[in-house]
Amino acid sequence: MLTWVALLIFVVTYALIISEKVNRAVIALLGAVIMVFAGILDVHKVFQQYIEWETITLLIGMMILVGITNQTGVFQFVAIRAAKAVKGDPMRILLVLSVLTAIGSALLDNVTTVLLVVPVTIAITRILEINPVPFLMSEIIASNIGGTATLIGDPPNIMIGSANPHLTFNAFLLNLAPITILIFGVALFMLYMMYRKQLRPNPALQTKLLELNERDYIKDKLLMKKSLLILSLTIIGFMLHAIIHVDAAVIAITGAILLMLFGLKEHDVEKAFDSIEWVTIFFFAGLFSLVGGLQEVGLIKSLAMKALDVTEGDITTASLLILWGSGLASATIDNIPFVATMIPLIKDMAVGLGLAVDSEPINILWWSLALGACLGGNGTIIGASANVIVAGLAAKEGKGFSYMEFLKVGAPITLVSLAIAHVYIYLRYLL
């Protein structure tokens, strides 16, 4: 009975989020609270187990860092310099920013990357007096695809790598980066076809842009130097994560604390906390709790086990089913709890087949899970952390976009991405 109640609460909450008639954070939290009152969730377990505090702490730390850095005008400086480099052509700017986002997401992680790129994007579009939504949605697509390429690029990959020490950084790079580059190229072409008519050059605005002096936008040189130094050290910390063994959330919040301590006067610290997107933070808390409710009643595990039972031990069927199943599931619910459920199931499957977890046939399942979970994040606006963050930043600027607006762009690209991944897995590992 509780299973059906949990599913009903989740579906109704999800429908209300899609309708966008009520604030999504309020709806997500309401759904979570109803699950607690219905006896599905224990509030202590929610705080201890289901809410991903590492993700939330990482977000808060980076939001403060980027918010303070944004006050210096350095993002506007970078925006004008970048726009000038491509002569102010909107379509070229979209492609350049998308490429930078994809590379950044592979080397850092997609959450950090979009927090850095979005302020630059908004600054550019404001100067060119054009709609930022095509740029922001393209960056979401790029961040999720780019994050697929490496061990540290996307949370699902980090989780899979942590559970399988034999899947090293180089293993992810060799197995996922080649197909990720191809998929990203196809996605860029699709984005170009979707937006080429909307993003035509405006000669008058291009001339206006080229006449601007980017140095005039720097408001506080001393704070800028401090911000860039601490931001750079934070990013280096992310890149050395595997060596120094310090969690990314700890690195991010430490960077934020140091910048507030050494860069701001006491009366400016409160303003720094205003840069936190609390709607996004509370939405995450509600969403993690809702999915936790589905986990609590065993619904996600049951669906995953039935999916694996259908394969009857056939690696070919299992790998392709995991690819598409995780892709579609990650578009609907957050991919973190889904991957957390799938990891022990794949290990159990290996034992049932009499295979080692680090054997080549089982590795195929890990790569299928990674590709499906990461690429599936582009399916909907709540499919991945980066999507939710960008949507929140856009709404704060008064340039928000709807669930359906993103779906029209993200869903086709996701389906094409999964189809390419399907062919890749079959030709490289199964043929």
Side-chain angles (χ1 to χ4, degrees), residues 144-145 147-149 153-154 156-157 159-161 163-164 166-167 171-187 190 299-380 383-384 410-431:
N144 288 319
I145 295 175
T148 309
D154 213 3
N157 285 5
M159 295 167 68
I160 293 168
N164 297 278
H166 70 285
L167 299 180
F172 272 86
L173 202 63
L174 292 171
N175 287 276
L176 300 185
I179 190 57
T180 299
I181 293 169
L182 175 61
I183 290 171
F184 181 57
V186 173
M190 292 178 71
L299 187 61
I300 293 176
K301 186 172 183 178
S302 175
L303 291 173
M305 288 184 71
K306 285 179 182 177
L308 290 176
D309 287 342
V310 170
T311 67
E312 297 181 345
D314 181 68
I315 293 295
T316 299
T317 308
S319 60
L320 298 177
L321 186 62
I322 288 171
L323 171 71
W324 285 96
S326 58
L328 297 176
S330 295
T332 310
I333 61 174
D334 191 84
N335 51 21
I336 293 173
F338 179 82
V339 170
T341 303
M342 287 298 295
I343 286 172
L345 287 173
I346 291 176
K347 288 187 173 183
D348 288 345
M349 186 177 185
V351 173
L353 294 171
L355 297 170
V357 177
D358 59 355
S359 64
E360 188 55 35
I362 301 303
N363 283 347
I364 300 170
L365 303 186
W366 294 125
W367 302 135
S368 298
L369 178 61
L371 285 167
C374 296
L375 296 174
N378 279 329
T380 67
I413 290 176
T414 298
L415 292 174
V416 171
S417 300
L418 291 172
I420 295 171
H422 179 124
V423 174
Y424 172 75
I425 287 171
Y426 184 77
L427 293 179
R428 179 164 179 178
Y429 303 112
L430 302 172
L431 193 61

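This is a predicted model, so every value here is computed, not measured.
Here side chain to side chain donor-acceptor pair (under 3.5 Å) pairs that include residues 322-331, with residues two or more places apart or in two chains, are Trp324-His422. Applying the side chain to side chain donor-acceptor pair (under 3.5 Å) definition to pairs two or more places apart or across chains, those involving residues 356-365 are His166-Asn363.
Using a distance-only test at 3.5 Å, with no hydrogens or angles considered, no donor-acceptor pair links the side chain of Asn164 to the main chain of Val357.
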### Message
One pair to check against side chain to side chain contact (heavy atoms under 4.5 Å, CB included): Asn144 and Cys374. What are the steps and the verdict?
### Response
CA-CA 6 Å; Asn144 288 319; Cys374 296; over 6 Å; no
### Message
Let's go through Asn157 and Leu167 carefully: what are the C-alpha distance in whole Å and the side-chain angles of both, what is the deciding distance for side chain to side chain contact (heavy atoms under 4.5 Å, CB included) to 0.1 Å, and is it a yes or a no?
### Response
CA-CA 10 Å; Asn157 285 5; Leu167 299 180; over 6 Å; no
Working note: Asn175 + Tyr429, criterion side chain to side chain contact (heavy atoms under 4.5 Å, CB included); need CA distance, chi angles, decisive distance, verdict.
CA-CA 10 Å; Asn175 287 276; Tyr429 303 112; 2.6 Å; yes
Exercise for the section: Would you check, one step at a time, whether the test side chain to side chain contact (heavy atoms under 4.5 Å, CB included) holds for Tyr424 with Ile183? Expected result: CA-CA 10 Å; Tyr424 172 75; Ile183 290 171; over 6 Å; no
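Scanning both residues, Ala421 and Leu371, for their nearest heavy atoms gives CB-CD1, 4.2 Å. Closest approach of Met159 to Ile343, counting heavy atoms only: O-CD1, 3.7 Å. Nearest heavy atoms, Gly376 versus Thr414: CA-CG2, 4.0 Å. Closest of all the heavy-atom pairs between Pro178 and Arg428 is CG-NH1, 4.5 Å.
For Ala331, the side chain to side chain contact (heavy atoms under 4.5 Å, CB included) partners are Thr380, not counting sequence neighbours. Judged as a side chain to side chain contact (heavy atoms under 4.5 Å, CB included), and not counting sequence neighbours, the contacts of Ser319 are Ile364, Leu365, Ser368, Ile425, Leu430. With sequence neighbours left out, Val423 forms a side chain to side chain contact (heavy atoms under 4.5 Å, CB included) with Leu427. Judged as a side chain to side chain contact (heavy atoms under 4.5 Å, CB included), and not counting sequence neighbours, the contacts of Ala411 are Leu407.
Tested against Leu375 for a side-chain contact (heavy atoms from CB on, under 4.5 Å), the candidates Leu418, Ile420, Ile413 yield a single pass: Leu418.
Here CD1 of Ile145 is found 11.0 Å from CG of Asp154. Values are rounded to the nearest 0.5 Å.
Proximity of Ile160 to Phe172: side-chain heavy atoms (C-beta onward) are separated by under 4.5 Å at one or more points. For the pair Thr148 and Phe184, the minimum side-chain heavy-atom distance is 4.5 Å or more.
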